[in-house]
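Structure first, then comments.
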Amino acid sequence: MALPYDPQQIESRWQEFWARERFAAVDTAGAKDLYMLMMFPYPSGDLHVGHGRNYILGDCLFRMFLMQGRQVLNPMGWDAFGLPAENAAIKRNIHPREWTLANIARMKDQFRRWGILYDWDKEIASCEPEYYRWNQWLFNRMLEKGLAYRGKSPVNWCPSCKTVLANEQVVAGACERCGSIVEQRDLEQWFLRITEYADRLLEGLDRLTDWPEKVKVMQRNWIGRSEGAEFEMRVAGRDDLAFQVYTTRPDTSFGMTFAVLAPEHPLVGAITTPDHSAEVGTFVERVRRTTEIERLSTEGVVEKRGVFTGSYAVNPFTGTPVPIYLADYVLMSYGTGAIMAVPGQDQRDWEFAKAYGLRIVRTVQPPDGWVGEAYVDDGPAINSQWLDGLYKTEAIERATRWLEENGIGRRRVHYRLRDWLISRQRYWGTPIPVVYCERDGIVPVPEDQLPVVLPTDIQFGGSEGNPLERSASFTAATCPKCGKAARRETDTMDTFMDSSWYYARFINPHVRDAMIDRGRVARWMPVDLYIGGVEHAILHLMYARFLYKVLHDFGMVPGEEPFTVLFNQGMITAKSSVSGKLEKMSKSKGNVVAPDALIARYGADTERVYTLFMGPPEKEVEWTDEGVMGAHRFLQRVWGLQDIVAESAGRVGEPAATEQVLVAMHHTVKRVRDDLARYHPNTATAAMMELINTMAQHQSSASGSALREAYETLLRLLHPIAPHITEEIWRILGHDGSLLRAGWPSFDAELLAKQQVTLAVQVNGKLRATVDVEPGLDARAAESVARAAVAKWLDGKTVVKVIHVPDRMISFVVRG
RNA sequence: GCGAAAGUGGCGGAACUGGUAGACGCGCGAGACUUAGGAUCUCGUGGGCGCUGCCCAUGGGGGUUCGAAUCCCCCCUUUCGCACCA
């Protein structure tokens, strides 16, 4: 009898062995084979079984690739800058770096205990100067090319933390950290000109055939390209005043009955007549005080709010003056901040017109029986002079051409995408490498003075705002141009900058004199398989695609896209003890399953098997304790097969049973190969469970050699999923070394092709019998066997048609 | 509101291209071994009926087809994304 299965005894031993043998080490000086990558994590310290999902999936694929003899680059690192470290510093008076490094150590240990292998020689932590200096270097290159700029823009500002916040740091209009209501402020900030790449980011999506459609749709919507026309509206009686409006429906211009400016529009002051200025002033002030979030929120029916300016603008198509309003539904940040309002064809304009008693003129004929309000679909133009009778596409084209020919307007493409605001008034990030000189203005820090390193003489807590501003040693700088005293920029970069190019650094993490080693990167990029959560569908993946295109334009990387295949794993949910519903694991929901206790009781292999078995990895699945037990039972049965193999050693066995075991074995090899190739370890595991069921069924009748062969094959197939137990049994069976070097099993296709097949026999589409036949049986022979099997259904009927699908089914269509 | 994805036993899920629906696991039932077992092993397990057999079943309703979980149309539900984008 084998000893009982005791994961505690075996797992750490194999973890040490794998690390010692450096199975994951790859020399990128050599030729590329495969580059796979999991999105590098923020080192928060605490990992739960939900986090484990994508790392375990990645490790499963990695081990399979290794066994198949491939050279796979599979690195891991840390997205190590960010707010939580700084908050921890304030709360617990520990330096962010110390806190971060401690978390990294914990997480690394967690990976080890999960049995996950990475090429740790290539580890990167983005908070280290040797990494972030290249953020700075790249920033300066982009500054040179005009791709980075300092500009004024309304931004989210937390009055209590005294910093700009990213949109994702604003939760329901409030600061995620302190809960203060976030304000909109016009501030000078650093931006990257991602809008210049909008069309390339959009077109590139079409070529990403191995990305989830969902992610591509989200990115397309985010970029929000729209084609239209922009034209000038003159203010009636004021020859000096005119503004531009943007529309996607120039064909409806004859139906314009008013115009609307955003309340922040620069012309508001000039346009407002004295008798309306009090009202306008009140309105503008009111809008200014509401945050963008409130303004755009649409709980229930939206009330369109606005005010008349007292002025009129001339519709260039008709020469008619129309009243100019201000309204909060027109945003300064989109298009020109001014629109022509055509209530007949636009629902928002319709509602506004109704609310303020403005005229409505239809310029597109709705179909008979139309009962809605604004009609936005296609139809012949009406009330539109020389456009009358034309349909939408043609009418848009004519109207646009008319604007161009008369010098009033032009074709224009607009995007919803805004430039990327990268400034953060925070300590724990990459310092933006510029200084402000009284004489020379904004001066980038020259390359030989990089990196601009974060100072360590920092007091966290106590006072508010960016601690960098209070560091005299940091802010005091000399101007690289004139050598006089200058002030150093204290903004740091958005951490998405770090994660936008780290995948290229992994190929050559220690190159000192360059951001990347171009030769190696040219060979190893792009990443062949990128695994991560769908929560990064837009931000990270859009920024990374943008910066990769920039690097491409700098001649530094091959191709235009960094990630060939994107795989989004689904969440693991569990019943929340707070809400009682299934929710994503989190401490606040009280539904976190910590791996430590689980591993202590059942072992890491059990967690891995269960994680991979519970459902297809791209789907959301529920964690249950019963399911864990099932996975553990499976491993115990695998362990117990040692006895069956030992007892049957030397037995000749019955040929039929032996054959069944061997056929099942080959069939399993094929299924596991196919299932893992399409990232379905759940069905691969099921196939292996079937194999052990078959082995158990024939444990006392099959030959000893067949049982042993099947067992050893099973161990190899199972290794990527349950690496520790399989290595241990492999060793017990008398093999040296590691399963990772034992090769991946192949199957005997001919043997499988020779097996009897079961034909389904249908009569009028209903299953009436099944017959076992030789494979490849021709139609006539199959028909005669099938006829016999369903004779009672054919009796007295006329067979009008026979459909034969070789080796699958035969169907009789009968009448009478 | 718009867009996308998904709805299969008591539960998680199989069924890859229209061809035997429910693999595998959980749970449940019966039995075995046990002083005992929430351990282990074996067998059974969609529903119904006149039970060697047949009928009904993949959210609901229609359709195409010899044949539909799979394709088409309408509706319902859930989840996710976007949400005044001119």
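Naming: A, B, ... by sequence-line order, numbering from 1 per chain.
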- Item | For RNA chain B, the dot-bracket pattern of Watson-Crick and G-U pairs whose distances stay under 3.5 Å, | for other-strand partners | (((((((..(((......[....)))((((((.......))))))((((...))))..(((((..]....))))))))))))....
When you compare the protein's N or O atoms with those of nucleotides 15-22 of chain B, which come within less than 3.5 Å of each other, and at what distance?
| from | atom 1 | to | atom 2 | distance (Å) |
| --- | --- | --- | --- | --- |
| B:A15 | OP1 | A:Arg678 | NH2 | 2.9 |
| B:G19 | N2 | A:Gln762 | OE1 | 3.0 |
| B:U20 | OP2 | A:Arg808 | NH2 | 3.3 |

- Message: Can you tell me which nucleotide in B:U42, B:C66, B:C55 comes closest to the side chain of A:Ala696?
- Response: B:U42
- Tell me, do A:Gln345 and A:Val376 make a side-chain contact under 4.5 Å, heavy atoms counted? no
Between the protein and nucleotides 6-8 of chain B, are there any N/O to N/O pairs under 3.5 Å, and if so, what are the atom names and distances?
none

- Query: Expressed in whole Å, how much space separates the P atoms belonging to B:G19 and B:A83?
  - Reply: 40 Å
- Task: Hey, could you give me each pair passing ring pair (Phe, Tyr, Trp, His ring centres under 6.0 Å) that has a residue in residues 665-697 of chain A? Not counting sequence neighbours.
- Result: A:Phe567-A:Tyr679
- Task: State, yes or no, whether a side-chain contact exists between A:Tyr246 and A:Thr248 at a heavy-atom distance under 4.5 Å.
- Result: yes
- Note on the structure: Heavy-atom nearest nucleotide on RNA chain B taken for A:Asn682 and for A:Phe613; more 5' hit belongs to A:Asn682
- Just wondering, more than 12 heavy atoms not from A:Arg220 lying within 6.0 Å of its CZ? yes
- Task: Tell me what A:Trp350 touches on the nucleic acid: a base, only sugar-phosphate, or nothing, going by heavy atoms under 4.0 Å.
- Result: nothing
- Query: Whole-Å distance between B:G12 P and A:Leu612 CG?
  - Reply: 20 Å
- Message: What's the closest nucleotide to the side chain of A:Arg416 if the choices are B:U40, B:A83, B:A14?
- Response: B:A83
- Integer angstrom distance from the C1' of B:C80 to that of B:C73: 25 Å
- Task: Drop me the distance from A:Ile692's CD1 to A:Leu714's CG, to the nearest 0.5 angstrom.
- Result: 7.0 Å
- Query: Among the nucleotides B:A86, B:C41, B:C85, which one has an atom lying closest to any side-chain atom of A:Ser226?
  - Reply: B:A86
- Message: Going by ring-ring contact (aromatic ring centres under 6.0 Å, His included), name the residues that satisfy it together with A:Phe812, two or more places apart in sequence or in a different chain.
- Response: none
What does the list of N/O pairs under 3.5 Å between the protein and nucleotides 26-29 of chain B look like, with a distance for each?
| from | atom 1 | to | atom 2 | distance (Å) |
| --- | --- | --- | --- | --- |
| B:C26 | OP1 | A:Arg633 | NH1 | 2.7 |

- Item | Min side-chain heavy-atom separation A:Tyr325-A:Val307 under 4.5 Å | no
